[in-house]
Amino acid sequence: MTAALTAIGMLGISAYISSGFFCPDTVNQIEKVKQILSEEGYSYFSPKDSVFISPNALKDGTGEEAKRERREAFAKDVGGVSAATDFAIVNLSRADGGTYDPGTLFEAGVAWTAKKPIVYFQPDEAAIEAAKNGTKKLNLMMAESSIRVLYGYAELRAFLKELKAGGDFTYEGFQKLKQPFEGEVE
């Protein structure tokens with residue numbers, strides 16, 4: 001199953017939007033990221049909009065149709081990361097107050113394995129405030145796998161503008177923009 005981009009931009013470079021989308025806050029965050037990507041001329045793949053699975057397949061999964069749906073959703077999601085896009089924007093929101101979304105973390109691992117540059121994005125006010133106060137924290141694996149860790153929508157937009165201005169959308173071009181995470185690792 002091939003993954004097709006959700007939206008096509010003018011630049012010819014595409015982002016995979018990795019995020020949980022099971023609560024209103026993260027859905028709103030995804031919509032804002034999509035808006036910024038579009039305004040800056042980037043294409044994107046969003047599983048929220050491109051990977052569909054019926055409620056029955058999510059809950060039960062015992063029938064042949066449910067099994068087929070699960071396999072297709074998985075293949076399309078992984079294909080979106082590994083084949084259809086150039087880099088990943090990984091939403092680290094803990095909007096539900098708990099932990100990171102496990103599917104989002106899996107997608108980040110797929111992106112890293114596929115040599116897709118990873119930009120971690122923290123839209124939550126508490127994370128933005130911690131960054132301002134110099135008390136930011138991040139998991140070691142995330143810190144080391146990232147090109148950048150961005151706090152808030154203004155930083156996301158600034159990064160996209162910087163990437164566009166550099167004009168080198170290759171893996172090596174992204175590496176030139178790498179800024180090591182500075183903060184406590186957990």
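Throughout, residue positions are numbered sequentially from 1 according to the sequence presented.
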Worksheet item: Distance from Y44 atom OH to Q35 atom CD, nearest 0.5 Å?
Response: 10.0 Å
Any side-chain heavy atom of [X] within less than 4.5 Å of one from [Y]?
X    : Y    : value
I147 : I118 : no
Y120 : M142 : yes
W112 : S145 : yes
T85  : I13  : no
K136 : Q122 : no

Fill in: CA sep, side-chain torsions, deciding dist, call: E186, N139, side chain to side chain donor-acceptor pair (under 3.5 Å)
CA-CA 5 Å; E186 336 179 85; N139 173 275; over 6 Å; no
Discussion item. Less than 4.0 angstrom from a charged side-chain N to a carboxylate O is my criterion; do R148 and E162 meet it?
Written reply: yes
Worksheet entry | Carboxylate-amine/guanidinium proximity below 4.0 Å for E64 and R68 |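 Looking at E64 and R68, the cut-off is not met.
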Fill in: F174 and F159 aromatic ring geometry - parallel, tilted or perpendicular at 30°/60° bounds
tilted
Discussion item. Please tell me whether T170 and D168 have a donor and an acceptor in their side chains that are separated by less than 3.5 angstrom.
Written reply: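 There is such a pair between these side chains.
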Practice prompt. Name all residues meeting the salt bridge (charged side-chain N to carboxylate O under 4.0 Å, His left out) criterion together with K32; count only those two or more places apart in sequence or in a different chain, and write none if there are none.
Written response: none
Discussion item. I'd like to know whether E39 forms a salt bridge (charged side-chain N to carboxylate O under 4.0 Å, His left out) with R157, so could you lay out the CA-CA distance, the side-chain angles of the two residues, the decisive distance to 0.1 Å, and finally the verdict.
Written reply: CA-CA 9 Å; E39 289 171 358; R157 186 180 296 275; 2.6 Å; yes
Practice prompt. Show your reasoning for whether salt bridge (charged side-chain N to carboxylate O under 4.0 Å, His left out) applies to K176 and E172.
Written response: CA-CA 7 Å; K176 293 175 190 171; E172 292 75 21; over 6 Å; no
Worksheet entry | Near-ring test F121/Y151, centroid separation under 6.0 angstrom |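 Aromatic pair excluded; centres sit 6.0 Å or further apart.
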Worksheet item: Would you find more than 12 non-hydrogen atoms of other residues, nucleotides or ligands less than 6.0 Å from K178 atom NZ?
Response: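 Yes - once you tally the heavy atoms of other residues, nucleotides and ligands closer than 6.0 Å, there are more than 12.
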Item to complete: Might you confirm whether atom CD of E31 has over 12 heavy atoms from other residues, nucleotides or ligands at distances under 6.0 Å?
Response: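 Yes, CD of E31 has more than 12 neighbouring heavy atoms, counting only those of other groups under 6.0 Å.
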Worksheet item: Can I36 be reached from I128 by stepping across I, L, V, M, F, W or Y side chains whose heavy atoms are under 4.5 Å apart?
Response: no
Discussion item. Check whether Y171 forms a cation-pi arrangement with K115 (NZ or CZ under 6.0 Å from the six-membered ring centre, at most 45° off the ring normal).
Written reply: yes
Practice prompt. Can you spot which of L156, L150, I30 makes a side-chain contact (heavy atoms from CB on, under 4.5 Å) with I89?
Written response: L156
